[in-house]
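As structure tokens, the structure follows; a few thoughts come after it.
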Amino acid sequence: MPVMGHLIELRNRFVIAAVAILLGAIGGWFLYDPVLDILQEPVRTINDSTGRVAQVNFAGVASPFDMKIKLSFFIGLFISCPIWLYQVWAFVVPGLTKKEKRYSFGFLGAAVPLFLAGAAMAFFALPNAVKALTSFTPSGATNIIPAQDYLNFVMVIIVVFGLAFVLPVLMVGLNMLGILSATRIRKSWRIIVMITFVFAAVATPTPDAMSMFFLVIPMLTLFCLAWGICVLGDRRRKRKLVAQGVWVDPDELDDDDEKGQR
């Protein structure tokens with residue numbers, strides 16, 4: 001396909017993705033009130049549990065309208081994520097082999113629900129994050145939280161949790177493409193654990209350990225599950241190589257050996 005053909009296809013898929021997000025934002029407009037009510041629950045908890053005054057504040061005349069627009073599009077991104085993620089993959093897929101296409105759609109099918117699951121998990125960590133950060137407020141002072149700042153904080157927490165849940169799927173995808181073996185993952189488990197804790201500590205900007213473990217425990221669980229899938233994938237490839245008459249050491253095979261056998 002010529003360059004112009006790729007550009008036309010990119011434009012068409014971008015338009016489809018943009019329309020999907022816009023339609024999702026329209027749905028988000030009607031979901032604005034219940035979603036905002038859920039997002040403000042951690043702030044109300046501060047009032048009830050600590051006795052301190054905390055509230056989300058709209059500073060300007062147009063601030064409530066601006067907040068509704070932003071939150072509606074944020075909701076629309078989640079509602080339409082299967083469509084725009086598919087458009088991204090559909091643009092990349094023509095350049096892949098038939099086997100790689102199957103893996104890519106499997107990756108997409110697993111990534112979408114895991115991203116949404118991570119976003120849902122963020123709602124459990126959010127109250128602890130808000131409570132911990134506002135606990136530094138001096139006695140007798142009031143937390144007047146700008147609505148835009150609060151929304152940005154919530155969006156960062158939700159997106160980070162969602163992406164964190166997708167990382168193990170990426171690991172499985174690299175294994176299926178023969179880039180990363182289960183043996184290499186097993187040998188690097190200490191590094192993976194350390195990176196997971198560092199990532200969780202940075203992604204959850206709160207001084208309490210509970211919020212961090214809300215992210216660490218699911219991530220490590222998913223990494224273990226992903227490693228198990230990689231082990232099964234390596235065994236399947238080894239059996240295929242053995243059936244083709246290629247000698248394979250089942251205990252010594254790593255990334256470099258696997259490429260050599262091919």
Side-chain angles (χ1 to χ4, degrees), residues 13-14 16-42 67-93 102-130 150-176 196 199-200 202-206 210-229:
R13 297 200 179 280
F14 176 80
I16 294 174
V19 171
I21 294 174
L22 180 60
L23 293 176
I26 293 174
W29 180 274
F30 295 101
L31 295 173
Y32 171 79
D33 289 331
V35 172
L36 183 62
D37 187 64
I38 294 173
L39 295 181
Q40 292 186 90
E41 182 61 30
M67 176 78 163
K68 189 167 186 176
I69 292 291
K70 288 185 178 180
L71 186 55
S72 296
F73 272 95
F74 185 62
I75 297 171
L77 282 173
F78 279 88
I79 294 176
S80 62
C81 69
I83 298 176
W84 56 261
L85 280 175
Y86 172 78
Q87 295 304 318
V88 173
W89 278 110
F91 180 74
V92 177
V93 159
R102 187 168 65 250
Y103 290 157
S104 66
F105 283 112
F107 172 84
L108 181 62
V112 171
L114 281 176
F115 180 81
L116 296 177
M121 180 62 70
F123 282 99
F124 291 96
L126 187 60
N128 285 329
V130 174
Y150 184 71
L151 178 60
N152 291 336
F153 173 76
V154 171
M155 288 171 61
V156 168
I157 293 291
I158 292 176
V159 171
V160 166
F161 270 69
L163 293 178
F165 274 51
V166 175
L167 290 179
V169 182
L170 178 61
M171 187 171 72
V172 174
L174 294 175
N175 175 263
M176 289 182 173
T196 300
F199 176 83
V202 174
T204 54
T206 61
M210 185 60 66
S211 297
M212 184 180 71
F213 278 102
F214 266 121
L215 186 57
V216 168
I217 294 175
M219 280 188 68
L220 291 180
T221 302
L222 289 173
F223 272 121
C224 291
L225 180 61
W227 174 75
I229 296 175

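Remember, it's a predicted structure, so these values are computed and weren't measured experimentally.
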- For the residue pair Ile79 and Gly24, what are the closest heavy atoms and their distance? CD1-O, 3.7 Å
- Nearest 0.5 Å please: distance from the OG atom of Ser72 over to the CD1 atom of Ile21. 13.5 Å
- Message: Could you measure the distance from the CG atom of Leu151 to the CD atom of Gln40? Nearest 0.5 Å is fine.
- Response: 10.5 Å
- Query: In Å and rounded to the nearest 0.5 Å, what is the CG to CE distance from Leu39 to Met155?
  - Reply: 10.5 Å
- In Å, rounded to the nearest 0.5 Å, how long is the span from CG of Asn152 to NZ of Lys70? 6.0 Å
- Message: To the closest 0.5 Å, what do you measure between CH2 (Trp84) and CZ (Phe14)?
- Response: 12.5 Å
- Compute the ring centroids of Phe74 and Phe78, then answer whether they are less than 6.0 Å apart. yes
- Query: What closest approach, in Å, do Phe161 and Gly118 show between heavy atoms, and which atom pair accounts for it?
  - Reply: CB-O, 3.1 Å
- Message: What verdict does the side chain to side chain contact (heavy atoms under 4.5 Å, CB included) test give for Val169 and Phe165, after you've listed the backbone C-alpha separation in whole Å, the side-chain angles of each residue and the deciding distance to 0.1 Å?
- Response: CA-CA 8 Å; Val169 182; Phe165 274 51; over 6 Å; no
- Message: For a side chain to side chain contact (heavy atoms under 4.5 Å, CB included) check, start with the C-alpha distance between Trp227 and Val172, then their side-chain angles and the critical distance, and finish with the verdict.
- Response: CA-CA 8 Å; Trp227 174 75; Val172 174; over 6 Å; no
- What one should report as the nearest heavy-atom pair of Phe115 and Val166 is CB-CG2, 3.8 Å
- Query: Looking at side-chain heavy atoms only, is the closest gap between Pro168 and Leu225 below 4.5 Å?
  - Reply: no
- Task: With rounding to the nearest 0.5 Å, note down the distance linking CD1 in Ile217 to OG1 in Thr196.
- Result: 12.0 Å
- For Cys81 and Leu116 the tightest heavy-atom approach is SG-CD2, 4.1 Å
- Closest heavy-atom pair and its distance - Ala122, Ile158: CB-CA, 3.8 Å
- Item | Verdict with supporting geometry, Leu23 and Ser80, side chain to side chain contact (heavy atoms under 4.5 Å, CB included) | CA-CA 8 Å; Leu23 293 176; Ser80 62; over 6 Å; no
